[in-house]
Number of protein chains: 2
Amino acid sequence: MTRSDTAKSRPRGGLADKRRAILTGALTVFARDGYTRASIDAIAAEAGVSTRTVYNHFTDKAELFQSVIQESANRAAEAQIAVIDRHFHKITDLEQDLIEFGIAWATPMTAEHAKHFALVRQINADAGHIPKEAIDAWQQAGPQRVRRELADRIRQLADRGLLRGDDPERTAIHLVLLVSDVEPSYSAITPTEEEITEMVTAGVRAFLHGHARDS
Amino acid sequence: MTRSDTAKSRPRGGLADKRRAILTGALTVFARDGYTRASIDAIAAEAGVSTRTVYNHFTDKAELFQSVIQESANRAAEAQIAVIDRHFHKITDLEQDLIEFGIAWATPMTAEHAKHFALVRQINADAGHIPKEAIDAWQQAGPQRVRRELADRIRQLADRGLLRGDDPERTAIHLVLLVSDVEPSYSAITPTEEEITEMVTAGVRAFLHGHARDS
DNA sequence: TAATAATTGCCATGCACGTTGTATTGTAGC
DNA sequence: GCTACAATACAACGTGCATGGCAATTATTA
């Protein structure tokens, strides 16, 4: 009685894109439960697919996980780079444009991307039990790629004399830190649009001028 | 043959402080393996204690975990508040003293405190499977308490005219973000003392003056 | 040293889960 | 409709693990 009631709509048909369904379901379950807790049965159910089919597409739970984090990294990186490109193309009023960038950066947190960040937390916690090659590949496809992109944009702003030009990599890190929310989703409180704006504004001001009195 | 060879030195005696031994061992194992992966047997072995004794002191794996994170939060908070008190007492040269504070803040990362931060990552990842009360208690005993302490110190600096006085809570968050290392221990690379100094210096400069050209 | 409490070893139970084999069935293209 | 192949249902195996029960053993205390 535990098998047939978990899968609500299994029309039993639909060949072909099972693999994508599995990856999507696995993302959901891995992000929610973590690697060890996540059971293949739960993933299969979430994907609307038989357990056996999962093993038909992926040899291992481990390989499935690595595929999931790789795809997650790629998708998230695409999205974030899109945000970067969109907002750094037309910088005229530095502070105002950075604030708009920060809002766009911090806002998508509310929808589908929440899963990606939950997965990132799982990776951070489980890093000691994930093969180093997988971690490296993930880092390179995700965070590092985005950071390099942002650093390039910052370098361009420095060339235009709008920012200091020393160590654009670290400057990029600082910017991202200051416009991102702390507290990853405890108590499931979604910050309002106003709170995001306020946080981002404060972050951008700190990024540009710092907190010293005389600045 | 799996039971007797894991515990190397079990002199079989030594009543009394078993509870502390269990807590310490549990911290090690939980921090390394996470809640689900961590087995009671592994914890008992790490603590040099029989499996049965664990259940003699704690009813559940869950209760043991909550005790561990609570103690971890308390210890880490004490240590961090000590660092805050030590460095914010004698602020004369703001930038130089903040840099020294940041170095002291980021350096202990190398020893015993690594476990605490690994545990924090586990909590962040597993938050959805930990009772809300436990999360709240942990937050209050740990991060929130430290942040409030730091905010108080920042408020005092603002009163002395050294920092802007708007929203000291967020200012505290910004300071901590900027002097902390990103990348939680992938590839087990321990940053050198020089690297820490460089990162902290850049962070404090950004905290005080920002990255804008004209500042 | 006697009595009380804590610790241990060992066994046992029950469950959840990864993984595989196999026979069956649905689907796509001829 | 027939064939080749993917998907499924079902069952089964092995394992790891949380948890509990005793009885023997050791430490603490009076």
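Residue numbers begin at 1 in each chain, while the letters A, B, ... track the order of the sequences. These values consider heavy atoms only, across backbone and side chains, with no hydrogens, waters or symmetry-generated copies.
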Inset, instruction - Would you please confirm or rule out a distance under 4.0 Å between OP1 or OP2 of D/dA27 and any side-chain N or O of B/Lys18? - result: no
Legend entry - Phosphate OP1/OP2 of C/dA6 contacted by B/His57 side-chain N/O (<4.0 Å): no
Nearest to the [X] side chain among [options], which nucleotide is it?
X	options	result
A/Thr53	C/dT19, D/dA7, C/dT7	D/dA7
A/Tyr55	C/dT19, D/dA18, D/dT8	C/dT19
B/Asn56	C/dT19, C/dT7, D/dA7	C/dT7

Inset, instruction - For the pair A/Asp152 and A/Arg148, find out whether any cationic side-chain nitrogen is under 4.0 Å from an anionic carboxylate oxygen. - result: no
Legend entry - Carboxylate-amine/guanidinium proximity below 4.0 Å for A/Glu169 and A/Arg155: no
Legend entry - side chain to side chain contact (heavy atoms under 4.5 Å, CB included) involving B/Arg170 - partner list, sequence neighbours excluded: A/Glu198, A/Met199, A/Ala202, B/Asp167, B/His174
From [atom1] of [X] over to [atom2] of [N], roughly how many Å is that when rounded to an integer?
X	N	atom1	atom2	answer
A/Asp17	D/dA7	CG	C1'	13 Å
A/Arg52	C/dT25	CZ	C1'	16 Å
A/Ile22	D/dA7	CD1	P	7 Å

Inset, instruction - With a 4.0 Å heavy-atom cut-off, tell me which residues in residues 58-68 of chain B come close to DNA chain C, sorted by residue number. - result: none
Legend entry - ring pair (Phe, Tyr, Trp, His ring centres under 6.0 Å) partners for B/His87, two or more places apart: none
Inset, instruction - Could you pull out all residues at least two apart from A/Phe101 that satisfy ring pair (Phe, Tyr, Trp, His ring centres under 6.0 Å)? - result: A/Phe88, A/Trp105
Inset, instruction - Hey, could you give me each pair passing salt bridge (charged side-chain N to carboxylate O under 4.0 Å, His left out) that has a residue in residues 60-74 of chain A? Not counting sequence neighbours. - result: A/Arg20-A/Glu71
Show every donor-acceptor pair shorter than 3.5 Å between a side-chain atom in residues 34-45 of chain B and any protein atom, with sequence neighbours excluded, or say none if there are none.
unit_1  : atom_1 : unit_2   : atom_2 : d
B/Tyr35 : OH     : B/Ala62  : N      : 3.3
B/Thr36 : OG1    : A/Arg37  : NH1    : 3.1
B/Arg37 : NH1    : A/Thr36  : OG1    : 3.1
B/Arg37 : NH1    : A/Asp126 : OD2    : 2.8
B/Ser39 : OG     : B/Ala42  : N      : 3.0
B/Asp41 : OD1    : B/Thr51  : OG1    : 3.2

Among residues at least two apart in sequence or on other chains, which ones pass salt bridge (Lys or Arg N to Asp or Glu O under 4.0 Å) with [X]?
X	result
B/Asp166	B/Arg164
B/Arg86	none
A/Asp85	A/Arg153
A/Glu149	none

Inset, instruction - Scan residues 23-41 of chain B against DNA chain D and write down, sorted by residue number, each residue with any heavy atom closer than 4.0 Å; if none is found, say none. - result: B/Ala38, B/Ser39, B/Ile40
Legend entry - the helix from C/dT1-D/dA30 to C/dC30-D/dG1: angle between end helix axes, five pairs per end, rounded to 10 degrees: 30°
